[in-house]
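One structure below.
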Amino acid sequence: MLLIFNQILMVALACISVWTFRNRKRHEKEEVLLKDLERYFGELVSCYAKREDMAEAMEESLSVCGSALRTELHKLTGALLTDEFSEESGYYSKQAKNPYLVLFFTLCHTIRAYGDMQLSGISLFAHNIRYIKEEVRMELLRRQEGRFAFLGLTALSILPFFFTVPIRRWSCSISEGMQRFYTGSYGYTILLLCFFATLVCVYFVQELQYPSMPHNRFAGFEARVLSTKMVGGFIDRRISRRYSYYLKKNEQLKQLQGYGNIRQFLVRKLICAVAAAGMISVIFAARSRIGGLGTVRPKEQVLQILLIVSMGIAGYFFPDAGVVILQSRVQQQKVEETLRFETLILIVMHYGQITVEEILRWMERFSVVFSDAFERAVDEYSYRRKETLFALKDALAHDPAKRIVDALIACDEIPIEQAFYDLEGERAYDMDQYKQMLAGIQKEKAALARVVAFLPFLLVLALWLIVPFVMEGLTQLNSY
């Protein structure tokens with residue numbers, strides 16, 4: 001019966017392996033798209049120098065593109081035919097494969113609306129493509145270095161569990177007494193422990209290798225649970241008991257896009273606790289049904305209750321672990337978005353027709369961690385100009401982004417080009433600092449991922465092989 005149970009868990013891990021494989025393939029496609037985009041920009045500048053017509057140069061440069069990028073560029077060309085801030089244009093900005101395409105879309109829209117200019121004898125269109133190409137190359141290098149740093153770590157996390165059956169057969173072939181360790185409560189407990197440890201380790205290795213901002217797909221379900229009188233009342237009473245603590249926690253959650261407010265977060269913790277405890281309960285019930293077991297012995301019943309409670313507690317604190325991971329990720333995202341804001345302003349600052357409101361609208365389209373602040377700024381700017389910008393500056397909580405807002409405030413008195421006269425130098429400095437930060441973060445994440453990836457191997461080796469042998473050896477010594 002334990003063998004069947006073991007095989008079921010192995011099938012579940014095989015499904016997880018398929019998911020990780022598909023996740024890796026998806027990121028490889030994104031990397032190929034970035035390579036094509038870098039090559040396309042080089043070809044586009046060359047064609048533009050010959051044709052001096054943006055539409056013709058874009059069409060001619062498509063020959064160097066793969067099918068995925070060609071499809072994206074056709075969508076971009078279609079969006080260019082709409083008004084600058086129309087619904088269709090905004091839809092493209094939100095659905096683009098990466099922010100570099102949105103930057104390119106901004107550049108093309110600006111050239112289409114106001115025409116090209118010469119900057120120190122160089123076409124402004126070609127000059128600005130250089131900025132975007134630089135960001136694409138930096139992202140491409142980061143992904144390539146990460147791919148080699150994390151090579152094989154996900155497989156290392158998953159494979160040890162598949163050796164539980166061979167280890168069991170080999171152990172039992174050496175000593176028949178070993179059988180009791182693999183068929184009783186100890187065997188089931190260790191199998192479940194190794195299985196869930198493997199799941200957690202695979203999840204964290206994937207998160208470290210492929211960081212992304214959260215997307216709460218269950219927000220509707222959480223809202224329905226929160227709207228119930230029993231759960232809503234429980235959450236409100238808990239918050240009222242430790243109001244100052246949860247107020248600080250709520251401010252922390254505001255910086256993490258996708259985690260909502262403190263009430264939603266506490267509901268998420270309850271749901272995770274119930275889901276984890278329910279999952280382990282279902283596994284125990286399935287084990288009893290598969291094995292045709294009758295009444296569970298008191299010792300096993302106590303063990304099962306302890307495991308269910310432990311899984312519930314682990315599930316309850318799982319969202320807190322997500323917050324810890326996201327804090328460093330959000331800080332990195334702030335730096336990335338600020339660099340794109342700087343690139344965006346460098347693209348549009350030389351045109352006297354560009355207004356501060358238009359810049360705010362473009363910045364809103366790039367925002368993820370700053371999205372709420374920029375949405376409010378765009379909505380309120382038309383009737384509260386300076387007050388809106390000062391409120392935006394207070395909401396950003398990131399010094400380089402605040403400096404950009406300071407320059408926007410100064411645009412009421414001086415031209416935009418003059419307000420951002422030193423932006424290119426600031427961007428070069430920020431880019432250099434960002435590269436150094438990325439290198440440090442990459443090393444730290446790879447080192448942590450290696451430690452996490454080895455944990456399933458150590459658990460299987462220690463608890464599934466060494467401990468039973470030691471216990472069997474002690475038993476035989478006592479029999480003499």
Side-chain angles (χ1 to χ4, degrees), residues 1-24 150-206 208-209 276 279-280 282-293 296-297 299-300 303-304 306-307 310-311 314 449-479:
M1 181 265 180
L2 181 67
L3 184 60
I4 297 174
F5 185 68
N6 199 340
Q7 289 172 343
I8 291 172
L9 297 182
M10 289 167 69
V11 170
L13 273 185
C15 295
I16 298 295
S17 302
V18 172
W19 170 75
T20 61
F21 177 77
R22 293 182 65 182
N23 196 29
R24 178 169 63 85
F150 288 86
L151 190 64
L153 293 183
T154 301
L156 181 61
S157 302
I158 294 174
L159 282 177
F161 191 84
F162 288 90
F163 285 94
T164 52
V165 172
I167 288 173
R168 175 192 175 189
R169 288 177 176 168
W170 177 76
S171 301
C172 293
S173 68
I174 292 177
S175 172
E176 292 184 2
M178 296 289 290
Q179 188 71 28
R180 69 180 188 276
F181 295 106
Y182 296 109
T183 55
S185 300
Y186 179 85
Y188 283 103
T189 304
I190 297 306
L191 263 185
L192 285 173
L193 178 62
C194 292
F195 175 74
F196 285 112
T198 300
L199 288 183
V200 171
C201 291
V202 168
Y203 171 78
F204 277 106
V205 169
Q206 289 286 300
L208 289 168
Q209 184 173 5
M279 183 169 59
I280 194 74
V282 169
I283 289 174
F284 282 132
R287 171 212 164 180
S288 300
R289 184 174 294 275
I290 292 171
L293 300 178
V296 180
R297 288 178 297 178
K299 187 183 292 186
E300 289 192 16
L303 186 60
Q304 289 181 6
L306 286 174
L307 281 172
S310 299
M311 286 297 297
R450 282 192 286 270
V451 172
V452 172
F454 269 99
L455 288 178
F457 168 76
L458 294 176
L459 282 175
V460 171
L461 181 67
L463 300 180
W464 194 247
L465 179 62
I466 296 175
V467 171
F469 265 100
V470 171
M471 293 173 68
E472 176 64 12
L474 293 175
T475 302
Q476 291 183 5
L477 284 173
N478 289 333
S479 63

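Looking at heavy atoms from C-beta onward, L156 lies out of side-chain contact with R450 at the 4.5 angstrom threshold. A heavy-atom distance below 4.5 Å is found between the side chains of L13 and L199. In this structure, the side chains of P456 and F161 stay at 4.5 Å or more apart for every pair of heavy atoms. Two residues are said to be in side-chain contact when any heavy atoms from C-beta on lie closer than 4.5 Å; Q179 and R168 meet this criterion. Proximity of F196 to I280: side-chain heavy atoms (C-beta onward) are separated by under 4.5 Å at one or more points. In this structure, L465 and V460 have side chains that are not in contact, with every pair of non-hydrogen atoms separated by 4.5 Å or more. For the pair E472/R180, a side-chain contact is recorded, criterion being any heavy-atom separation below 4.5 Å from C-beta on.
Within 6.0 Å of CZ in F457 there are 12 or fewer heavy atoms belonging to other residues, nucleotides or ligands. Counting non-hydrogen atoms of neighbouring residues, nucleotides and ligands closer than 6.0 angstrom, the OH atom of Y186 exceeds 12 such neighbours.
Taking each heavy atom of F162 and A14 in turn, the nearest pair found is CZ-N, 4.0 Å. Nearest heavy atom pair, residue A197 against residue L459, reads CB-CD1, 3.4 Å. Contact detail for I190 and W464: the closest heavy-atom pair is CG2-CE3, 3.7 Å.
For the atom pair CD1 of I167 and CG of L461, the computed distance is 7.0 Å after rounding to the nearest 0.5 Å. From L458, atom CG reaches atom CD1 of I466 across 9.0 Å, with rounding to the nearest 0.5 Å. A distance of 8.0 Å separates CH2 in W170 from CE in M178, rounded to the nearest 0.5 Å. With rounding to the nearest 0.5 angstrom, the OG atom of S17 is 7.5 Å from the CG atom of L159. Rounding to the nearest 0.5 Å places CG of L208 at 10.0 Å from OH of Y203. In this structure, N6 CG and L191 CG are separated by 4.5 Å, a value rounded to the nearest 0.5 Å.
Side chains of Q206 and T154: a donor on one and an acceptor on the other come within 3.5 Å.
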Determine, step by step, whether M10 and V165 satisfy the side-chain contact (heavy atoms from CB on, under 4.5 Å) criterion, reporting the C-alpha distance in whole Å, the side-chain angles of both residues, the deciding distance to 0.1 Å, and the verdict. CA-CA 10 Å; M10 289 167 69; V165 172; 3.9 Å; yes
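Panel note: side chain S157, backbone L153; a donor-acceptor pair is recorded below 3.5 Å.
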